[in-house]
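A quick write-up on the structure given underneath.
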2 protein chains.
Amino acid sequence: MSMQQRNPMPLLRRGELATSVGCNLETVRYYEGIGLLPHPPRSQGRHRLYDADLVKRLRFILRGRELGFSIEEIRALLAIADGAGGCADVYALTTQHLDVVKRKIADLRKLQRILSETAAHCARDASPDCPIIEAMSAPPRAPQRRH
Amino acid sequence: MSMQQRNPMPLLRRGELATSVGCNLETVRYYEGIGLLPHPPRSQGRHRLYDADLVKRLRFILRGRELGFSIEEIRALLAIADGAGGCADVYALTTQHLDVVKRKIADLRKLQRILSETAAHCARDASPDCPIIEAMSAPPRAPQRRH
DNA sequence: GCTACAATCTGTAGAGACTACAGGATCAAG
DNA sequence: CTTGATCCTGTAGTCTCTACAGATTGTAGC
């Protein structure tokens, strides 16, 4: 008796994959083109067929993008996950990303506070003089960093 | 006695402005072109001259971009800050973006935890089998949202 | 098996937000 | 007043997708 399931997930086509992960149809082909997704197996008529691993990989990419990682950063993370490079690399890259993530969280928290205060203020009185520009245009105290 | 300072900030040129806020030289012109920054006064020789208000406005735009606002969202925020539209608009826009910001913070916190755990794990043993893909490729429980 | 319509194929073009370059004018330090 | 840095304008390129066009394939119903 084979260990393989009778229904091991029926191999998705490109449209099904896109729908199931919630991205645009063409994005899948784009990621394949730039080498983030491997060339998948094809049907007789050259239609791409995706298995569960590819679904997982695509979800990882999309999630990373949503969280503000660049394509190249994701490429690096994937390379690590694919086993290229040892634990030292993993440690370096993850802690490095961790710093970026921490900074973003701090920035967003600050923005959250500003937005809450602005909303509260604006809900109360009718002044057209909103504090948002003042609050958000403060010069950063840390050295400039551009992505 | 005038309230104006004798040295009210010496009017920056484009390069000085860009350096002082930490953005690219051409970005300033780009924002002027799409109407986020007003046409500044010029010198006799048509060189742009920026005062403190413009610096503040540009910093606001850049900060907004860093935090994930689109150009059009920033345009709306600036319009509000410029006094076009009432407090109802401010309230709507800010609370709306507050939701986005909250979700981003939550996502980033989760990623932070994953990255910390990965780093800790990888620092200890030499296994090339890192948990990062598994952790980050989990299907989202919330309905899909693409920007 | 045949028909019809959806889905996929390829290549290319467009959008959004910048960023770089070329050829010339201007500014300011010496 | 010279000279090298900075700025001018316009245009073209980059990055990350997204859309379209025309041809091919997949599949459900007859």
Side-chain angles (χ1 to χ4, degrees), chain A residues 10-51 54-55 57-78 144-147, chain B residues 10-51 54-55 57-78 144-147:
Chain A
L11 287 185
L12 304 174
R13 279 125 41 102
R14 187 153 60 99
E16 295 166 330
L17 172 63
T19 308
S20 92
V21 302
C23 79
N24 185 285
L25 175 71
E26 305 294 348
T27 305
V28 177
R29 196 158 59 102
Y30 173 70
Y31 286 156
E32 182 183 334
I34 63 172
L36 283 193
L37 290 175
H39 300 297
R42 304 277 187 125
S43 72
Q44 296 98 320
R46 303 178 163 280
H47 286 202
R48 293 169 179 84
L49 296 173
Y50 299 93
D51 65 7
L54 271 290
V55 174
R57 194 180 182 89
L58 176 55
R59 261 206 270 260
F60 175 84
I61 297 167
L62 293 172
R63 193 138 180 69
R65 292 294 294 133
E66 258 181 41
L67 293 170
F69 289 83
S70 74
I71 291 287
E72 291 315 312
E73 284 171 320
I74 290 170
R75 195 190 299 282
L77 287 170
L78 284 171
Q144 306 295 339
R145 12 69 184 168
R146 314 258 79 230
H147 8 249
Chain B
L11 286 187
L12 304 174
R13 271 113 51 71
R14 188 152 61 98
E16 295 167 328
L17 172 63
T19 308
S20 91
V21 302
C23 79
N24 186 286
L25 175 71
E26 304 295 346
T27 304
V28 177
R29 198 160 56 104
Y30 173 70
Y31 286 156
E32 182 183 335
I34 63 173
L36 281 194
L37 290 175
H39 300 298
R42 306 273 187 127
S43 72
Q44 296 97 319
R46 304 180 159 277
H47 286 203
R48 293 170 179 84
L49 296 173
Y50 299 93
D51 66 6
L54 271 290
V55 174
R57 193 180 182 89
L58 176 55
R59 261 207 270 261
F60 175 83
I61 296 168
L62 293 171
R63 194 138 179 68
R65 292 291 299 131
E66 258 181 41
L67 294 172
F69 289 84
S70 73
I71 291 288
E72 290 314 313
E73 286 172 318
I74 289 170
R75 195 191 298 283
L77 288 171
L78 284 171
Q144 307 295 338
R145 12 70 181 163
R146 313 257 79 229
H147 7 247

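Side chains are part of it too, since the values below use all heavy atoms of this structure and drop only hydrogens, waters and symmetry mates. In the text below, chain A, chain B and the rest are named by the order of the sequence lines, each starting its count at 1.
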Considering only C/dC18, D/dT16, D/dC20, which nucleotide approaches the side chain of B/R65 most closely?
C/dC18

Want to settle it: does B/R29 or B/R13 sit nearer the 5' end of DNA chain C, counting the closest nucleotide to each?
B/R29

Here the distance between atom P of C/dT19 and atom CD1 of B/I71, to the nearest Å, is 11 Å

Interatomic distance, B/F69 CZ vs C/dG16 C1' [rounded to whole Å]
18 Å

Report the distance from atom OH of B/Y31 to atom P of C/dT19, rounded to the nearest whole Å.
8 Å

Out of curiosity, A/R59 CZ to A/L17 CG, how far, rounded to the nearest 0.5 Å?
9.0 Å

Taking the nucleotide of DNA chain C with the nearest heavy atom to each, does A/G15 or A/E26 sit closer to the 5' end?
A/G15

Between A/R14 and C/dC9, does any side-chain N or O lie under 4.0 Å from OP1 or OP2?
yes

Check whether any side-chain heavy atom of A/E32 sits under 4.5 Å from a side-chain heavy atom of A/P40, and report yes or no.
yes

Check every atom of D/dT6, D/dT9, C/dT19 against the side chain of B/H47 and return the nucleotide holding the closest atom.
D/dT6

Is the distance from OP1 or OP2 of C/dT19 to the nearest side-chain N or O of B/T27 less than 4.0 Å?
yes

Is the phosphate of D/dC15, meaning OP1 or OP2, less than 4.0 Å from a side-chain N or O of A/Y30?
no

From C/dT12, C/dC18, C/dC27, pick the nucleotide closest to the side chain of B/S43?
C/dC27

D/dC7, C/dC9, D/dT18: which one has an atom nearest the side-chain heavy atoms of A/N24?
D/dT18

If I take atom CG in residue A/L17 and atom P in nucleotide C/dA7, what distance separates them, rounded to the nearest angstrom?
15 Å

For the pair made of CD in A/E32 and C1' in C/dG11, what is the distance, rounded to whole Å?
14 Å

In whole angstroms, the gap separating P of D/dC8 from CD of B/Q44 amounts to 14 Å

Using atom NE2 of A/H39 as one end and atom C1' of C/dT10 as the other, report the distance to the nearest whole Å.
14 Å

Presence of B/S70 side-chain N/O under 4.0 Å of C/dG16 phosphate oxygens OP1/OP2
no

Please test A/I61 against A/L78 for side-chain contact (heavy atoms from CB on, under 4.5 Å), starting from the C-alpha separation and ending with a verdict.
CA-CA 9 Å; A/I61 297 167; A/L78 284 171; 3.9 Å; yes

If only side-chain N and O atoms of A/R75 are considered, is one of them under 4.0 Å from the OP1 or OP2 phosphate oxygen of D/dC15?
no

Charged N to carboxylate O under 4.0 angstrom, B/E26 versus B/R29?
yes

Starting at atom CG of B/L25, determine the distance to atom P of C/dT19, rounded to an integer number of angstrom.
11 Å

Once rounded to the nearest 0.5 Å, what's the spacing between atom OH of B/Y31 and atom CG of B/L54?
14.5 Å

Taking OP1 and OP2 of C/dT10, is either one under 4.0 Å from a side-chain nitrogen or oxygen of A/R42?
yes

Within the pair A/R46 and D/dT25, is there a side-chain N or O less than 4.0 Å away from OP1 or OP2?
no

A/Y50 side chain reached by A/L58 side chain, heavy atoms, under 4.5 Å:
no

